[in-house]
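Report on the structure given below.
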Amino acid sequence: MATLAQLRALQATIGSAIDDIERVYTTHNVDFPSLDVPVTLRGSEVDSAPSAAEALLKSGEIVKASSHLVAACGQLSAAVQNPFFTLMDGVSACAITPAIQFLEASHTPEILRAAGPEGLHVDVLARKIDQLRAANGLVSKPLEPWRLAHILRLLAAHHLIREVRPDVFASNRITSLLDTGKTPEQILENPQNKYDDSNGIAALIPMFAIETFRSLGSLTEWLLSPQEGTDYATPFNYAYQTDENFYAWLERPENALRLKQLGRGMAAGSAAEGSTSVTERHVFPWDKLPADSVIVDVGGGFGSVSVQLAEAYPHLRFIVQDREQTLALAPKILGATHKDLLHSGRVLFHAQDFFTPQPASYEVPGVGNVDHAAVFLVVRIMHNWLDEDCKKILSQLRAAAGPSTKVLIVDQILPLACRDGNESALVPADSPLLPNLGTAYASSYHFDLAMMTTLGGKERTLREFADLAAASGWQISNVTRATGSLWAYTTLSPVSA
């Protein structure tokens, strides 16, 4: 395709996507949500019932149009921008990570929410940040307003916050994702519990901005010029000079707060899955499973996914497996709001290393011994590990599986950036867009490198998942893609011996 023709095709894609969005919103007699207006979230839901405009964002038609619009805008920008500036934008993007880290760590989203839509001048905002810093004794060097202004202006240039007047900043839709809902006074009184009862997104920032950021900085050196005599497994190990994997390192006593933060951050995983939920029947036929079927949540952390499913399907039983250090925190985190599930035994916690054999049977209160799990639930686990490790995990599950046992893997499936007959593209064959929708889902490919550098794992393509399954005695029997993200729900069935 000629270049000018390609530009026109991208322009047409943008226009068509906007037409689709406008038609849907006009039909419902509402306007599209404004970037300038914050949205306060709790867990995975809006504080009150979502407005009609908010609810429409999750509709399949709007999700498709929006993803095509973002992909076309990104591709058009790359085509017409001076290549030097495109390259410099990529290289200097490292400045955005610490700026977002500062935004979250300074509690600016919570302070600006209290200030309202008019925002705060950096002189006032700096003083309020210092007041909260005092809770941790961090007041030896007052925050200089001009530095604050320059950090926030970078974020404003990327639409992550807004500058309403010179040196006056206010929250917008994106800033509000980092808002834990706590008042500045509550944070001042108990800063250790900032992330409790939040959507979890803010709790993820320290991991990405500290450990992952530092690990990514070591990627090239680790790959191309490692220090002589070293054999570190990952860039994380190389950067931190440790042989422990990331999770073992987090379990050190001095990292207890970081472990708690990461556990809270796992609740944000549902946001990455777009508008699709693991509880939906088209993802997996949970409602068709017999009463008292046992679902084993492999590496289930604090059990947030099992709790969602247990509430949606009362006839099922759940066993959450994870390391002892993680499970020790689970009852404290879930107990306040899910006492009935824990006390009834419908959600149990068992310490289990998923590299070791599964129990011969599962003891379920009120049911007795159950020989085989109906489903092994593997949520956001596989991307943490190399292929050989994943084969070990799946092989242990295969050894414990019954003839009808299924494995449900919830993980991203990365489309290729080129067309290939063996893997379905996300766009029609005649579309000018990249088959993986490029910029629209670029964060998934960023996350891929984050997994590679921090944990030694990776996000996988469909063919990579198929190879893992085949090598472990399983076969892919169904794949359901999430709406609005690259997350997928991949069902494995046992291959007959």
Heavy-atom side-chain proximity of [X] to [Y] below 4.5 angstrom:
X: R481; Y: L426; value: yes
X: F236; Y: T242; value: yes
X: C73; Y: I14; value: yes
X: H121; Y: L125; value: no
X: K458; Y: M451; value: no
X: Q75; Y: T439; value: no
X: W487; Y: T276; value: no

[X] side chain to [Y] side chain, donor-acceptor N/O pair below 3.5 angstrom:
X: Y489; Y: N478; answer: no
X: E110; Y: T180; answer: yes
X: S16; Y: D19; answer: no
X: H107; Y: K194; answer: yes
X: T279; Y: Q308; answer: no
X: S176; Y: D179; answer: no

Verdict with reasoning, V407 to I409, per side chain to side chain contact (heavy atoms under 4.5 Å, CB included): CA-CA 6 Å; V407 173; I409 297 174; 3.8 Å; yes
Aromatic ring pairing W146/H150, orientation class (parallel under 30°, perpendicular over 60°, tilted between): perpendicular
message: Angle between ring planes, F447 versus H383, binned at 30° and 60°: parallel, tilted or perpendicular?
response: tilted
message: If you count every heavy atom of other residues, nucleotides or ligands that lies below 6.0 Å from N82 atom CG, does the total exceed 12?
response: yes
Nearest heavy-atom neighbours spanning I413 and T461: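 Looking at all heavy atoms of both residues, the shortest contact is CG2-C, 4.0 Å.
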- prompt: Do you know which two heavy atoms are closest between R165 and E118, and how far apart they sit?
  reply: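 R165 and E118 have their closest heavy atoms at NH1-OE1, 3.4 Å.
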Which donor-acceptor pairs under 3.5 Å do the side chains of residues 208-217 make with protein atoms, sequence neighbours left out?
residue, atom, partner, partner atom, Å
E211, OE1, R258, NH2, 2.5
E211, OE2, R258, NE, 3.3
E211, OE2, R258, NH2, 3.3
T212, OG1, M207, O, 3.4
T212, OG1, T454, OG1, 3.4
R214, NH2, A239, O, 2.9
S215, OG, E211, O, 2.7

field: Residues in ring-ring contact (aromatic ring centres under 6.0 Å, His included) contact with H28, at least two apart in sequence or another chain
entry: none
task: Would you please indicate yes or no on a ring centroid separation below 6.0 angstrom for W222 and Y232?
output: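 No, they do not, as the ring centres are separated by 6.0 Å or more.
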task: Please name all residues satisfying side-chain contact (heavy atoms from CB on, under 4.5 Å) with F32, sequence neighbours left out, ordered by chain then number.
output: I21, Y25, L57
